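Everything numeric in this text was worked out from a predicted model, so none of it was measured.
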Amino acid sequence: MKWNKLARPYRACLGTLAAGVALLLCGQACLYMAYPRQAVTLQLKTGNDKELEGFTLEGSWGQTASAAMEFTLSDGVLNQHPNLQSKQEDALSLMDQSLLCVPDEELASMDQQAEGGYVSGMYGAFFLHTSYEGMKYTAQARRLNQMYTLNTLDGSNRSVRFGLGQVQLPQAVTVTAELYKNGRARASYPYLMNAAELENADLGIREVTILDAEDPVGLYVSPGNGENGGIYLVREFCTAEEVAKVVPDVTVQGVAVPSENQPYGTVEAVCPLDAGESLIPCDNWGDARIEDGHWILTRQETGKINLLLLDKEWKPVGKCPLNISMNEYQSVTVLPSLRTDEIAFTVVDQSTTGQIVVLRINQNTIEAQSIMDFLATSAPIAAGYSADGTRLMTVTESRQSLMATLPAEVSGYYNGGAELPSDLSVLSSAVTGWDIQVYNTQDLQRPTLSACLDFGVSQRWRQELWLSGIYGGERRISLYRVTAAWEQAGEATA
């Protein structure tokens, strides 16, 4: 009897899996061998290293999205290791748009007064270009609906739209409608204008700030049109197919186009603010985390500053007044926290000094608070208390002037193929370490310890210097970053 050999497709799968594991292990081994194991060194300048006990500072140097050199300074002991494991990004790539739209019931009157003209052009590149033609109409309007649309850029083609009230302008503004055919028909729209063209609180234009791009997306909507400000969560995005089913068509100059006034998707109000209370704009909102929640800073009409503590769903769990003042000319930057129960941020204005604020939170109240001045030229990048709360650590970048020579034959690679006539000498500054200072919380004027985490000069800096010479201007060469405590906590529980 002749036996036929059975196909076993799982063998190919196992082979692929084995090859992948081997590649990962090989890459990990190469990273171990190719990168100096002691690339980061701790250098004590003044004080006793016992002052570092009770502190944990974590950081990384990311070579690619899936490879990083990580290091931890814990209780004065420095450990470092390469990591080749890809970190899952939970944040969505988002694009938002705020439009002022003529109400659907007034489109007919806009048609009667509108002036139009023929428009044409093409889009695409090389042999893939496509021509289009259509009509562009302009009219004057004073009553407009403000509509906000948030789109995901992850390829799923999802979006959400909601209204921010009606705006009655003191004088008419120009609104535009564009009507296309053929392949550009979906780009047609009724009479509207971009709200950014009329950014003025006195006109009732409301601003939306994306606080968190993770699911669910957190949004802050400023007060306006008789409504208080507050935080909203996007509960549901809609696909293009779902949008087409719920958004009705309207008629502009006899052509049917989708309405821009129809909301869709689901947005939930989770944290309304009091009358006269507004969000203080901050840089690095993504680091505004604590324990299992978030935090924001608000200002009341009286000038009083409050810290709002929120849970994972952005619902308020605590409100703490802060003994600080801020004005509209100051910039606030959120810093990565060294502990999950701490908050740190800086306040800088046009002067030569700034302030760093560090808060420790316990049971949704402020347990400890420190405010310290610093020179604006050396703003801290992280700060936090020791475990017992008796000492405060600040971390700032130490910069060094570096010089490199860009060979003329290499310049074309960075300069669109056009080589320089001769070699180019480049001088720029780079972050080559972090300066660490520890203070007694009872005396924030004189540090009890000064130390430095020295990164050395990496080969990567040469490329950054070359780019400085090619594109001009001062580049901020900073290859290392502080890893926030909440990030580490999330990785440990993932």
Side-chain angles (χ1 to χ4, degrees), residues 88-107 110 119-126 128-137 144-166 175-197 206-221 232-270:
Q88 183 177 356
E89 295 290 341
D90 295 326
L92 293 172
S93 180
L94 302 169
M95 180 180 68
D96 62 349
Q97 186 178 46
S98 184
L99 299 175
L100 296 175
C101 309
V102 172
D104 291 346
E105 63 272 16
E106 297 182 14
L107 294 177
M110 293 292 107
V119 292
S120 64
M122 64 177 58
Y123 60 94
F126 303 112
L128 297 177
H129 70 267
T130 303
S131 61
Y132 64 88
E133 58 181 342
M135 295 293 292
K136 179 178 181 179
Y137 297 91
L144 300 165
N145 293 329
Q146 185 178 358
M147 304 298 297
Y148 180 83
T149 305
L150 187 65
N151 297 275
T152 64
L153 301 179
D154 57 0
S156 62
N157 201 19
R158 295 175 299 150
S159 61
V160 62
R161 181 194 291 165
F162 56 93
L164 297 175
Q166 196 166 85
V175 290
T176 302
E178 295 189 11
L179 307 175
Y180 298 100
K181 59 181 180 180
N182 300 331
R184 291 272 294 181
R186 289 189 300 176
S188 302
Y189 57 84
Y191 298 98
L192 54 80
M193 68 177 298
N194 196 312
E197 299 177 31
R206 305 181 72 181
E207 296 182 358
V208 180
T209 302
I210 300 175
L211 297 176
D212 187 20
E214 294 186 3
D215 191 16
V217 176
L219 303 172
Y220 165 75
V221 179
Y232 296 76
L233 285 185
V234 178
R235 292 298 189 187
E236 180 188 12
F237 285 97
C238 291
T239 64
E241 293 76 13
E242 292 170 333
V243 171
K245 293 178 181 179
V246 298
V247 176
D249 284 344
V250 293
T251 302
V252 176
Q253 300 293 337
V255 178
V257 295
S259 169
E260 291 288 341
N261 290 291
Q262 178 64 46
Y264 56 82
T266 305
V267 177
E268 177 188 0
V270 291

In Å and rounded to the nearest 0.5 Å, what is the [atom1] to [atom2] distance from [X] to [Y]?
X      : Y      : atom1 : atom2 : result
Leu99  : Met193 : CG    : CE    : 10.0 Å
Leu150 : Ser98  : CG    : OG    : 11.5 Å
Met135 : Tyr180 : CE    : OH    : 11.0 Å
Met110 : Leu192 : CE    : CG    : 12.5 Å
Asp212 : Leu233 : CG    : CG    : 9.0 Å
Leu107 : Thr251 : CG    : OG1   : 8.5 Å

How far apart are the closest heavy atoms of [X] and [Y], and which atoms are they?
X      : Y      : answer
Val217 : Ala213 : CG2-O, 4.1 Å
Gln262 : Val246 : CG-O, 3.7 Å
Pro258 : Pro190 : O-CD, 3.6 Å
Leu179 : Val252 : CD1-O, 3.5 Å
Val267 : Val160 : CG2-CG2, 3.8 Å
Ala196 : Asn194 : N-OD1, 2.9 Å

Yes or no on side chain to side chain contact (heavy atoms under 4.5 Å, CB included) for Ser93 and Asp154, after CA distance, side-chain angles and deciding distance? CA-CA 6 Å; Ser93 180; Asp154 57 0; 5.9 Å; no
Can a donor-acceptor pair be found, under 3.5 Å and without considering hydrogens, that links the side chain of [X] to the backbone of [Y]?
X      : Y      : result
Asn151 : Asn157 : no
Glu178 : Gly134 : no
Arg161 : Met147 : no

For the pair Ser259 and Asp104, evaluate side-chain hydrogen bond (donor to acceptor under 3.5 Å, both in side chains) and give the outcome as yes or no after the intermediate values. CA-CA 7 Å; Ser259 169; Asp104 291 346; 2.8 Å; yes
Note, [X] side chain near [Y] side chain (heavy atom, < 4.5 Å):
X      : Y      : value
Leu164 : Val221 : yes
Gln97  : Tyr148 : no
Thr266 : Phe237 : no
Leu144 : Val102 : yes

Any ion pair linking Arg158 and Glu242 (charged N to carboxylate O, less than 4.0 Å)? no
Identified side-chain contact (heavy atoms from CB on, under 4.5 Å) partner of Leu219 from the options Asp96, Thr209, Ile210: Ile210
Could you go through Ser159 and Tyr264, starting from their C-alpha distance and side-chain angles, then the distance that decides it, and tell me whether this counts as side-chain hydrogen bond (donor to acceptor under 3.5 Å, both in side chains)? CA-CA 8 Å; Ser159 61; Tyr264 56 82; 2.9 Å; yes
Side chain to side chain contact (heavy atoms under 4.5 Å, CB included) evaluation trace for Gln146 with Arg206: CA-CA 8 Å; Gln146 185 178 358; Arg206 305 181 72 181; 3.8 Å; yes
Any idea how Phe162 and Tyr232 line up, ring-wise: parallel (<30°), tilted (30 to 60°), or perpendicular (>60°)? parallel
